[in-house]
Protein chains: 2
Amino acid sequence: MSRYYRGMSRDAPEKRSTSKQMRSATVYSTLRTQILHGEFGPSEPLKPQQLASSMGVSLSVVREALQQLIGEGLADRHANRGFSVPAFSDLRWQQIAEARRTLESSMLRMSIERGDVEWEARVRGSHHRLYRTPLRAATDDPYISDEWASAHHAFHRALLDGCGNPVLLETFDRLWTASELARRWAERGPVRDYVTEHSRLEEATLARDADAAADLLGQHLTLTAAALSS
Amino acid sequence: MSRYYRGMSRDAPEKRSTSKQMRSATVYSTLRTQILHGEFGPSEPLKPQQLASSMGVSLSVVREALQQLIGEGLADRHANRGFSVPAFSDLRWQQIAEARRTLESSMLRMSIERGDVEWEARVRGSHHRLYRTPLRAATDDPYISDEWASAHHAFHRALLDGCGNPVLLETFDRLWTASELARRWAERGPVRDYVTEHSRLEEATLARDADAAADLLGQHLTLTAAALSS
DNA sequence: TCGGCACTGATAATCGATTATTTAGGGTTT
DNA sequence: AAACCCTAAATAATCGATTATCAGTGCCGA
């Protein structure tokens with residue numbers, strides 16, 4: 001018999017993407033999720049040894065995953081001092097929010113100018129999904145549900161993706177990720193009326209009213225920022 | 001004698017930052033420079049083994065450096081297929097240029113609105129340095145000199161850094177890097193009158209004429225894009 | 001002859017162990 | 001008592017070797 005392994009090529013070809021995924025990719029997404037869920041506090045060290053043994057992989061794999069997280073802004077590294085979860089100051093958070101206002105209002109205008117019917121459909125669809133998704137899994141849950149967070153991202157992304165520029169969209173995703181991290185750490189602030197805010201934003205956008213839509217988006221982001229620094 | 005090494009703590013404390021730098025950091029900057037110099041063609045594979053032996057380090061170090069490059073957009077990775085230099089299509093390049101026009105014109109307006117005297121000084125200073133730096137080291141050199149490239153980046157960055165938002169500036173740097181890569185691979189196109197373009201840009205900016213400055217910057221970026229896709 | 005399957009060599013991914021650095025603590029000197 | 005050197009433990013960085021995967025090659029049967 002051959003000493004070469006050719007596992008499950010017959011039985012489960014569709015599982016390929018799951019089962020053949022690199023370990024580092026698995027560790028990466030696990031860690032990413034944990035960090036975004038706030039399972040590590042700000043500035044908390046991410047110790048490779050510890051993570052490696054708890055996840056049953058070797059150091060190299062963990063290190064590789066951590067490097068990827070650094071590239072995405074979800075981890076910091078200090079020479080000879082290891083890795084840690086980044087710590088954002090209030091100032092930093094305000095800067096991220098301002099960067100988003102600057103970038104996203106331009107992108108929204110571009111979308112409104114260029115977006116086709118397919119784009120309109122994506123906006124309506126993603127808004128519907130967001131509208132239908134409860135903010136919290138259980139009413140007494142302290143944290144926002146993953147489903148809502150995902151639908152929220154999808155809606156905002158759909159608003160902007162009519163611009164048709166993947167480079168701008170990648171930039172948007174990067175800033176979004178940073179915002180999500182801050183959001184989890186600062187889940188205090190007043191209860192927002194997200195439903196109304198998002199509905200108005202959808203309306204103005206689909207009515208192709210660029211000034212109103214950009215303005216609503218700006219307010220939306222300002223409110224988010226305010227909730228965090230209060 | 002102790003088996004613990006406490007090297008050069010007396011003789012050369014200032015060399016610490018250089019001599020103690022992590023190997024991965026050294027390999028990273030070496031590779032980064034080589035890639036930006038076009039020493040590897042588009043899509044050319046970056047083989048860890050080969051790089052490791054040629055640089056006299058182990059695989060882990062090279063892999064770590066490559067991961068960092070991926071985070072910066074200067075390398076691609078294909079699962080089980082290794083690393084490579086990214087290949088940019090003409091379309092991609094146009095998208096990067098558009099993203100820069102979008103982002104940088106907003107940032108320039110913010111700078112003009114907010115910039116203080118220190119900012120004005122940085123603009124003048126960096127323009128002066130750029131003005132005084134020859135485009136090519138030798139007149140018959142095919143490639144633009146590192147000094148000019150560095151001065152060019154510094155000038156454009158100075159124009160924008162009056163906005164005072166480091167998040168936006170990081171975003172600018174990221175897009176700039178991508179542009180530099182494309183620039184090296186497409187050093188054809190007509191000879192530009194960079195000197196005049198930059199001088200006009202400086203003038204309009206320091207005159208606080210936001211519309212004119214944003215317009216000049218937009219043209220500048222459009223010309224750069226055109227030179228690449230022609 | 002044309003696929004398809006087993007084999008192989010090259011290279012990627014992962015591991016376990018080694019080397020280097022930082023930090024905290026204990027003892028000694030001024 | 002404060003400052004200093006030394007030591008050692010923790011952990012980061014690096015290495016060498018092992019295991020897994022891919023792409024090509026040639027054999028075989030329809």
Side-chain angles (χ1 to χ4, degrees), chain A residues 1-13 15-31 40 43-70 75-85, chain B residues 1-13 15-31 40 43-70 75-85:
Chain A
M1 184 185 181
S2 164
R3 68 192 164 94
Y4 292 90
Y5 174 64
R6 205 173 298 100
M8 62 184 64
S9 56
R10 220 176 312 274
D11 301 323
K15 272 195 178 177
R16 187 187 179 87
S17 59
T18 301
S19 59
K20 286 220 187 177
Q21 197 177 42
M22 291 186 297
R23 289 197 219 275
S24 63
T26 308
V27 172
Y28 161 76
S29 53
T30 302
L31 271 177
F40 304 98
S43 295
E44 183 171 338
L46 296 164
K47 303 190 181 179
Q49 298 268 22
Q50 190 175 303
L51 295 169
S53 55
S54 85
M55 300 210 207
V57 296
S58 78
L59 285 179
S60 337
V61 173
V62 173
R63 278 180 146 264
E64 202 158 305
L66 287 169
Q67 285 283 356
Q68 291 179 243
L69 288 167
I70 288 174
D76 280 350
R77 186 179 192 179
H78 312 91
N80 291 323
R81 199 71 63 84
F83 304 84
S84 68
V85 175
Chain B
M1 184 183 183
S2 163
R3 68 192 164 96
Y4 292 91
Y5 174 65
R6 204 173 301 101
M8 61 184 66
S9 57
R10 221 176 311 272
D11 301 322
K15 271 195 177 176
R16 187 188 180 87
S17 59
T18 301
S19 59
K20 287 222 188 173
Q21 196 177 45
M22 292 186 297
R23 290 198 220 275
S24 63
T26 309
V27 171
Y28 162 75
S29 54
T30 303
L31 271 178
F40 304 97
S43 293
E44 184 170 338
L46 295 165
K47 304 190 180 179
Q49 298 267 20
Q50 190 175 304
L51 295 169
S53 54
S54 84
M55 300 211 208
V57 296
S58 78
L59 285 179
S60 338
V61 173
V62 173
R63 275 177 148 268
E64 202 158 305
L66 287 169
Q67 286 281 358
Q68 291 181 243
L69 288 167
I70 288 175
D76 280 350
R77 186 177 192 179
H78 313 91
N80 292 322
R81 199 69 64 83
F83 305 85
S84 69
V85 174

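Chain letters run A, B, ... following the sequence lines, proteins first and then strands; every chain starts at 1.
Within the structure, salt bridge (charged side-chain N to carboxylate O under 4.0 Å, His left out) contacts touching residues 46-58 of chain B (residues at least two apart or in different chains) do not occur. Within the structure, salt bridge (charged side-chain N to carboxylate O under 4.0 Å, His left out) contacts touching residues 54-69 of chain B (residues at least two apart or in different chains) are R63(A)-E64(B), E64(A)-R63(B), R77(A)-E64(B). The stretch residues 48-58 of chain A participates, sequence neighbours left out, in no salt bridge (charged side-chain N to carboxylate O under 4.0 Å, His left out) pair at all.
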Quick one: which protein N/O atoms are closer than 3.5 Å to N/O atoms of nucleotides 12-15 of chain C? Pair and distance per line, please.
{"unit_1": "dA13(C)", "atom_1": "OP1", "unit_2": "R77(B)", "atom_2": "NH2", "d": "3.4"}
{"unit_1": "dA13(C)", "atom_1": "OP1", "unit_2": "N80(B)", "atom_2": "N", "d": "3.2"}
{"unit_1": "dA13(C)", "atom_1": "OP2", "unit_2": "R63(B)", "atom_2": "NH2", "d": "2.2"}
{"unit_1": "dA13(C)", "atom_1": "OP2", "unit_2": "R77(B)", "atom_2": "NH2", "d": "3.3"}
{"unit_1": "dA13(C)", "atom_1": "O5'", "unit_2": "R63(B)", "atom_2": "NH2", "d": "3.3"}
{"unit_1": "dT14(C)", "atom_1": "OP1", "unit_2": "R23(A)", "atom_2": "N", "d": "2.4"}
{"unit_1": "dT14(C)", "atom_1": "O3'", "unit_2": "R23(A)", "atom_2": "NE", "d": "3.2"}
{"unit_1": "dC15(C)", "atom_1": "OP1", "unit_2": "R23(A)", "atom_2": "NE", "d": "3.2"}
{"unit_1": "dC15(C)", "atom_1": "OP2", "unit_2": "S58(A)", "atom_2": "N", "d": "2.7"}
{"unit_1": "dC15(C)", "atom_1": "OP2", "unit_2": "S58(A)", "atom_2": "OG", "d": "2.9"}
{"unit_1": "dC15(C)", "atom_1": "N4", "unit_2": "S60(A)", "atom_2": "OG", "d": "3.3"}

Please tabulate, one pair per line, all N/O donor-acceptor pairs under 3.5 Å involving side-chain atoms of residues 50-57 of chain B, not counting sequence neighbours.
{"unit_1": "S53(B)", "atom_1": "OG", "unit_2": "Q49(B)", "atom_2": "O", "d": "3.2"}
{"unit_1": "S53(B)", "atom_1": "OG", "unit_2": "Q50(B)", "atom_2": "O", "d": "3.1"}
{"unit_1": "S54(B)", "atom_1": "OG", "unit_2": "L51(B)", "atom_2": "O", "d": "3.2"}

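With sequence neighbours left out, R81(B) forms a salt bridge (Lys or Arg N to Asp or Glu O under 4.0 Å) with no residue at all.
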